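Worksheet for the structure shown next.
Source: prediction; values computed, not measured. Hydrogens, waters and symmetry mates are skipped; everything else that's a heavy atom, side chains included, is used. We name chains A, B, ... by the order of the sequence lines, and we start the count at 1 in each one.
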Amino acid sequence: MSDLLDNLNLEQYSAVTLPNESALILAGAGSGKTRVLITRIAWLISCGEVNATDILAVTFTNKAAREMLLRLSKILTLNTNSMWIGTFHGLCNRMLRAHYRDAGLPQDFQILDSADQLMAIRRLMKSLNIDDEKYPAKSLQYFINNAKEQSLRPAEIDASDNHNRKWVELYSAYNQQCQREGVVDFSELLLRSYNLLQYNPALRAYYQTRFKHILVDEFQDTSKLQYAWIKLLAGERNGGIFAVGDDDQSIYAFRGAHAGNMLDFEREFNVQHLIKLEQNYRSHGNILDAANVLISHNSKRLGKNLRTNACHGKLVQAYGAATDSQEASWIAGKVQTLIDTGLSPDEIAVLYRSNAQSRIVEHMLVNAGIEYRVYGGLRFFERQEVKHALAYLRLINNFNDDIAFDRVVNFPARGIGTRSLEQLANTARTYNCSMMQAIPYMLGRAGQLFNEFLALIERISNNTRAMSLPEMVEAVISLSGLEKFYANKPESQERIENLRELVNAASAFVVEEGYNLMPARSILPVCSTENYAVILGENNNNKEKTGAALPSIEELQKNPNQITPISDFLSHASLEPGDNLANTRKNVVQLMTVHAAKGLEFVAVFITGLEEGLFPHENSAIKKDALEEERRLMYVAITRAKESLYLSFAQSRMLHGKTRYNVRSRFFDELPTRVLQWTTPRTKSNLSKRQRTSLDNNYADAYFNDNTIALKLVNQNQCTQSVFQIGKSVFHSKFGEGKITELEGDGSDAKARVEFKRHGTKWLALAIAKLQPA
DNA sequence: ACATGCAAAATTTTT
DNA sequence: TTTTGCATGT
């Protein structure tokens, strides 16, 4: 056990060995946060005071959960499967499966991902004849998820004004539809689990006594509902919550993360142990300096300053390009140099603020013959062919799954059109049943087609009954006609590959979950028959409902419920991204958004597109809170780098098919000048031919004082001089008339801040934007 | 019922 | 620029 604690620094050591009282660990970037969390769990268990099953550890992503399990199983010899370690959604799912009846759910309820949810909402709106212009499906989705995040059921929302009433009505109708179809969306997963504990004292008491230690990773990313869920599990004892987080790395406020939870937690749990992990083991000194100085511009901070024993290392390379392609080719060149000096390509990351920026970088990397991998984009389980196959699987599992029905009833095409589907939906509504159940009521040609589909599903169901999960998946793919459909098309070869991969995924799943050893996994049975209208909160005045007493553990083991591998696999597909399944090409340059880079580290990091309007993003630049989040995002980006950091911007950039002119990001000015090394192109020699002509045409020479810039513009053989002065009116071919309010820089860097009459205020590069005196 | 074409929107994203 | 939903024509 002692070697467990070896090599921990003093801060880490005291965090790992804290007594069972609430503690907040402020863990800076690269300070060994995950290590502390894992060692803490291992230490608790090896001390012999608690069992592995007494611990609940919750993380934010599957990746983090997987890593925790993996590293734990290396330190300790125990069955990590029985431990409650996972994401909020994963653990809530587990709890709801175990107590499905108390939660008012069918045993094999399915999970809707965001796309499924939107489809379900669209279908609902259509069936209710709601005008999509007035009530857009996307807005309803937002409304619903927002309400659930605030743990508000329809009956609890104030619907006094007409407009709000309609939203609440739709929210309620949506809930009923989900309930009828036996599906839950992501936010429902959390809220339902919260309600389950809230309304069921026996169950609550059971979990409160069971989990002696609760550990929360990435606490700054938790939402209010997630925090409330944790609080409910912790109960009144005010102890045993070990929260690890970094307020400076809170970058998910836009989707409900509430970093204020850290302060609330400190207050509400009367936290006596606040430990700061400030020793950084990742980055060289200059990089860390850059990060520290940048983040010090934020006002809302708990306060923390990273230090390192490492050397200063290299200076941060900064580069200002005239165009986005010039920026990208500079990046490609630097990447090539790094690889030439022996750096492994997967130790190089190119980061950007938004996905649209990857294209140009990819283009230049291809030109340079450098292999890369782009993160983000479609996940494995979100690909259409995979979703189709899963939909067939869902239908076999549950004939009443209307979402799955909708997806594949006419895929591959069976001649069933929107008209027939509308009729079927109407019938289903009349009889208040599922689409599948409504089929016998359909007459005529459409009825015949529907019946053929029903027969197909029944046939697949019967033929696969005795099969193992992977065999079943394989059979579904071929019997449904999906295989044939894609096989005929040469452009669908990748889809066929993915369907094969799905079979592999099922095989892997079966082995991982132990289904190859036993036919079905047993879960805790259920004990009360409480009416789920209470849970749904349609009538929610009497808050606390009494559930029946829980049976003893012995009773539970004697009489377990069974969960089928098929529905378990389906939730797995909804909750796991499955990106280890496709496109895993290793040891190439890594391209991703800054968000996606969180938690990762690389020897060399490029942060690109550092322009006002892009990073910080224009939608965030106005509001102070949003700007501070952008700054934290920049902080996250910088702290990914171990040894080399490259920052770049482009004065002009193609975005959404239009060229935009930007100035460099304010974040450059928030970095200490001593760590920055600027290499801005001023000579012709390092430019490509095309860029050279474009620059030659526009810029020759300039002089300036505080309120005037004079530019000599050389166009072919003509030479014109323009004088730009603060207060003068100018004309721009796209933005129209405006007035100069600020001037900056010289030569090719000269910029003017122009207040346009119709297009707001913009910074323009004078060498590029063709401003005419008005 | 299905193909084709046009208009509108397009941060960040995990579950 | 690219995607995607919706409308029109066959």
Please report, rounded to the nearest Å, how far the [atom2] atom of [N] is from the [atom1] atom of [X].
{"X": "A:R653", "N": "B:dT11", "atom1": "CZ", "atom2": "C1'", "result": "14 Å"}
{"X": "A:L600", "N": "B:dT13", "atom1": "CG", "atom2": "P", "result": "13 Å"}
{"X": "A:H656", "N": "B:dA7", "atom1": "NE2", "atom2": "C1'", "result": "16 Å"}
{"X": "A:Q357", "N": "B:dA10", "atom1": "CD", "atom2": "C1'", "result": "13 Å"}
{"X": "A:L91", "N": "B:dT15", "atom1": "CG", "atom2": "P", "result": "13 Å"}
{"X": "A:E629", "N": "B:dT13", "atom1": "CD", "atom2": "P", "result": "12 Å"}
{"X": "A:R94", "N": "B:dT15", "atom1": "CZ", "atom2": "C1'", "result": "17 Å"}
{"X": "A:E422", "N": "B:dA1", "atom1": "CD", "atom2": "C1'", "result": "14 Å"}

| task | Report yes or no: is the cationic atom of A:R97 (NZ for Lys, CZ for Arg) under 6.0 Å from the centre of the six-membered ring of A:F109, at an angle within 45° of the ring normal? | result | yes
| query | Would you say the base of B:dT12 and the side-chain of A:R353 have a donor-acceptor pair closer than 3.5 Å? | reply | yes
| request: Check whether the side chain of A:S114 and the base of B:dT15 form a donor-acceptor pair under 3.5 Å. | output: yes
Under 4.0 Å between any heavy atoms, over every strand shown, what does [X] touch: base, sugar-phosphate, or nothing? Just pick one.
{"X": "A:E218", "result": "nothing"}
{"X": "A:D221", "result": "nothing"}
{"X": "A:S620", "result": "base"}
{"X": "A:F60", "result": "sugar-phosphate"}
{"X": "A:N62", "result": "sugar-phosphate"}
{"X": "A:N410", "result": "sugar-phosphate"}

| said: Suppose you measure atom C1' in B:dT12 against the same atom in C:dG5; what distance do you get, rounded to whole Å? | reply: 23 Å
| Nearest-angstrom distance, C1' atom, B:dT11 to C:dC6 | 25 Å
| field | A:E382 or A:N619, whichever maps to the more 5' nucleotide of DNA chain B | value | A:N619
| A:S574 vs A:R414, nearer the 5' end of DNA chain B by closest nucleotide | A:R414
| message | Tell me if B:dT11 is syn or anti. Syn = glycosidic torsion within 90° of 0, anti otherwise. | response | syn
Between [X] and [N], is there a contact of a side-chain N or O with OP1 or OP2 at under 4.0 Å?
{"X": "A:R359", "N": "C:dT2", "result": "yes"}
{"X": "A:T593", "N": "B:dT13", "result": "yes"}
{"X": "A:N355", "N": "B:dT12", "result": "yes"}

From the options [options], select the nucleotide whose nearest atom is closest to the side chain of [X].
{"X": "A:R122", "options": "B:dT15, B:dT12, C:dG5", "result": "C:dG5"}
{"X": "A:T87", "options": "C:dT1, B:dT12, B:dT15", "result": "B:dT15"}
{"X": "A:S354", "options": "C:dT1, B:dT12, B:dT15", "result": "B:dT12"}
{"X": "A:R419", "options": "B:dA1, B:dT12, B:dT13", "result": "B:dA1"}
{"X": "A:H595", "options": "B:dT11, B:dT15, B:dT13", "result": "B:dT13"}
{"X": "A:F254", "options": "B:dT11, B:dT15, B:dT13", "result": "B:dT13"}
{"X": "A:Y252", "options": "B:dA1, B:dT11, B:dT13", "result": "B:dT13"}

| Does the ring pair (Phe, Tyr, Trp, His ring centres under 6.0 Å) test come out yes or no for A:H99 and A:Y207, once each step is laid out? | CA-CA 12 Å; A:H99 310 286; A:Y207 283 107; 5.6 Å; yes
| field | B:dA9 - base-pair partner by Watson-Crick or wobble geometry, distances under 3.5 Å | value | C:dT2
| remark: Scanning both residues in full, the closest heavy-atom pair of A:A120 with A:L112 reads CB-CD1, 4.3 Å
| query | Is the A:F254 ring parallel, tilted or perpendicular to the A:Y252 ring (thresholds 30°, 60°)? | reply | tilted
| So A:F453 and A:F405, would you call those rings parallel, tilted or perpendicular, with 30° and 60° as cut-offs? | perpendicular
| Does A:E612 pair with A:R664 as a salt bridge, N-O distance under 4.0 Å? | no
| said: Checking A:S620 against A:E630 for the side chain to side chain donor-acceptor pair (under 3.5 Å) test, could you report, in this order, the C-alpha distance in whole Å, the side-chain angles of both residues, the deciding distance, and whether it holds? | reply: CA-CA 7 Å; A:S620 305; A:E630 295 284 317; 3.1 Å; yes
